[in-house]
Amino acid sequence: MSHRPLAGPASIRHAIQVTDLRVPLPPTGDDPADDLTPAPAVTDERRRLHPAWIVAGVGFVALLGAAAFRSVPSVLIEPLHTEFGWSHATISAAISLNMLLYGLISPFAAALMDRFGIRKVVCSALVLIAAGSGLTVFMTQAWQLVATWGLLVGVGVGSVSMPFVATITGRWFVRSRGLVTGVLTAAGATGQLVFLPLVSMLATEHGWRLPSLIVAAVALSVVPLVWLFVRDYPSDAGVRAYGAPADSDAGARVPIAGGANRALTVLAAAARRPGFWLLAGGFAICGASTNGLVGTHFVTAAHDHGMPPTTAAGLLALVGIFDVAGTIASGWLSDRVDPRYLLLGYYSLRGLSLLILPSLLGPHTEPSMWVFIVFYGLDWIATVPPTVLLCRELFGADGPIAFGWVFAAHQVGAAVAATGAGFVRDVQGSYDLAWYVAGALCGIAAVMSMLVRRPKTAA
């Protein structure tokens with residue numbers, strides 16, 4: 001007696017799908033047969049964590065490390081002076097070159113990111129930092145310090161600086177762009193706070209070579225993170241920029257010709273617009289009134305008034321702590337308030353605080369000084385997010401490179417103020433005139449910010 005199958009293979013497959021009610025039906029696209037059809041170019045970003053947040057997270061780590069690497073040489077001045085007998089001026093020359101390159105390399109790095117991609121530039125920069133730091137353990141001459149910590153590390157950290165922030169936020173974010181700019185900018189202050197106490201302790205207990213090797217190892221350890229998790233454009237990951245409308249091409253790869261010379265091309269074009277000079281001038285004053293003046297001379301000025309250097313250094317560290325909160329809040333506000341009004345407020349309030357600082361300095365930390373530290377810390381680099389957004393509005397796709405040149409002006413202003421304030425101290429015996437001049441300049445920066453004309457589409 002023959003037996004016929006109740007159904008063919010296709011019917012059996014269909015019967016299992018219908019009768020086995022314990023197993024939910026797979027959504028469309030989960031069937032292996034669907035793999036034969038090409039995937040859409042852009043996926044639904046609501047189904048999972050948007051890759052923009054992963055890129056921002058890795059960028060935060062890279063910026064955190066770069067800020068720490070840049071600030072390490074300042075902790076090694078005394079150990080190097082003790083071992084090699086090099087003058088403080090010689091050691092400071094390497095640090096000065098480091099600071100200068102930190103600003104001047106930025107626009108060229110932004111242009112190279114457009115030409116060769118974020119991953120290649122940032123990974124190359126981290127390798128340079130590792131080489132510059134690691135090679136110091138073999139140095140015997142002062143020029144080698146300038147070549148390693150000054151040149152190699154300076155170029156490396158300059159390639160992972162504020163224009164890197166502008167590139168990430170400009171390509172990967174439409175929504176929350178200001179907030180992410182604030183968080184990434186705050187990584188600079190956080191890096192100094194996390195690493196400097198550790199580096200100082202290691203240099204004191206084990207000598208300066210161990211911190212140098214640790215910096216090299218940490219820089220190399222970040223390279224795989226950048227290479228594996230960072231993509232140059234959202235379209236490379238099959239998505240649009242975070243928060244971009246469905247019909248938008250934000251985040252699509254755009255072929256860009258040229259390399260480092262594009263930085264000069266963008267500078268030439270930006271220099272024809274008054275807005276560029278207003279932003280660059282304001283940011284130069286920003287650098288002069290923060291890194292150049294307070295960051296360099298606050299401890300010495302406080303000591304002139306009888307305050308112990310350790311206490312003054314602790315106050316400066318608190319400035320960095322409050323700076324993190326202030327910068328993130330500034331980024332959040334930049335998404336909601338005209339950036340020019342924010343800059344008006346920041347520069348005006350900073351100027352007023354610097355004008356009253358001479359009357360607050362003394363041998364003891366009075367409540368009024370605590371108020372200054374909290375207030376000034378919140379305002380320290382809060383100017384960065386609105387300045388980045390204005391550069392993006394004024395210069396479009398060239399915004400990160402234009403901001404690189406604006407940031408270079410920041411570092412030039414810092415260098416001039418550091419030298420000028422030292423000259424004032426030598427001639428007059430106090431820093432009072434330097435504080436007053438910086439306060440007045442901040443007022444000028446506030447006016448310059450309001451004179452920037454935003455495009456009508458952005459206003």
Side-chain angles (χ1 to χ4, degrees), residues 102-111 158 161-170 177-178 181-182 184-185 188 262-292 327 330-331 333-335 337-351 379-417 438 440-459:
Y102 182 67
L104 294 181
I105 288 296
S106 298
F108 295 97
S161 59
M162 294 302 106
F164 175 47
V165 175
T167 300
I168 289 179
T169 56
R177 181 178 288 169
T181 300
L184 294 180
T185 302
R262 182 165 172 257
L264 299 176
T265 303
V266 172
L267 174 62
R272 301 188 185 99
R273 305 184 62 174
F276 171 78
W277 293 107
L278 292 170
L279 290 174
F283 227 45
I285 294 173
C286 178
S289 57
T290 53
N291 300 77
T327 306
S330 177
L333 288 171
S334 297
D335 289 326
V337 181
D338 189 326
R340 298 174 302 175
Y341 294 138
L342 294 177
L343 292 175
L344 171 66
Y346 297 153
Y347 286 128
S348 298
L349 295 174
R350 182 188 299 176
D379 188 67
W380 178 264
I381 54 172
T383 54
V384 173
T387 304
V388 169
L389 292 186
L390 285 173
C391 284
R392 169 63 64 175
E393 290 179 2
L394 291 175
F395 306 106
D398 293 333
I401 300 177
F403 176 72
W405 287 112
V406 171
F407 181 70
H410 182 281
Q411 293 304 105
V412 172
V416 171
L441 288 174
C442 286
I444 296 175
V447 174
M448 294 172 69
S449 300
M450 289 305 300
L451 293 177
V452 176
R453 299 183 62 181
R454 301 177 69 193
K456 292 182 179 179
T457 55

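Residue numbers run from 1 in the order of the sequence given.
Taking NE2 of His410 as the reference point, atom OG1 of Thr290 lies at 4.0 Å (rounded to 0.5 Å). Taking CD1 from Ile105 and CZ from Phe407, the interatomic distance works out to 12.0 Å, rounded to the nearest 0.5 Å. Annotation: the span from Thr167 atom OG1 to Leu184 atom CG amounts to 11.0 Å, rounded to 0.5 Å. In this structure, Ser449 OG and Leu278 CG are separated by 8.0 Å, a value rounded to the nearest 0.5 Å. To the nearest 0.5 Å, atoms CG (Leu343) and OG (Ser348) are separated by 10.0 Å. Here the straight-line distance linking atom CD of Gln411 with atom CG of Leu104 works out to 8.5 Å at 0.5 Å rounding.
Residue Val266 comes nearest to Ala402 through the heavy atom pair CG1-N, 4.0 Å, listed as atom of the first residue, atom of the second, then distance. Residues Ala110 and Ile401 share a closest heavy-atom pair of CB-CG1, 3.8 Å. Across Gly178 and Leu389, no two heavy atoms sit closer than the pair CA-CD1, 4.3 Å. Nearest heavy atom pair, residue Met448 against residue Trp277, reads CE-O, 4.0 Å. Shortest non-hydrogen contact noted between Ala288 and Ala417 is O-CB, 3.4 Å. For Gly170 against Arg392, the heavy-atom pair with the smallest separation is CA-NH2, 3.0 Å.
Side-chain atoms of Arg340 come within 3.5 Å of backbone N or O of Val452 as a donor-acceptor pair. Between the side chain of Arg350 and the backbone N or O of Asp379, at least one donor-acceptor pair lies under 3.5 Å. In terms of modelled atom types and a separation under 3.5 Å, the side chain of Trp405 and the main chain of Ala263 share a donor-acceptor contact.
Contact of the Ser334 side chain with the Pro339 side chain is not registered, since no non-hydrogen atoms from C-beta on lie closer than 4.5 Å. For the pair Cys391/Leu279, a side-chain contact is recorded, criterion being any heavy-atom separation below 4.5 Å from C-beta on. For the pair Phe283/Thr387, a side-chain contact is recorded, criterion being any heavy-atom separation below 4.5 Å from C-beta on. Using a 4.5 Å heavy-atom cutoff, the side chains of Val165 and Val388 are not in contact. Here the side chains of Phe395 and Phe403 are not in contact, with every heavy-atom distance at 4.5 Å or above.
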Practice item. Please step through side chain to side chain contact (heavy atoms under 4.5 Å, CB included) for the pair Tyr347 and Thr383, ending with a clear verdict. Key: CA-CA 8 Å; Tyr347 286 128; Thr383 54; 3.9 Å; yes
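Sorted by first and then second residue, the salt bridge (Lys or Arg N to Asp or Glu O under 4.0 Å) pairs with a member in residues 398-416 read Arg262-Asp398; sequence neighbours excluded.
Looking at Tyr346 and Ser330, their side chains do bring a donor and an acceptor atom within 3.5 Å of each other. Ser106 and Ser161 form a side-chain donor-acceptor contact under 3.5 Å, judged by distance and modelled atom types alone.
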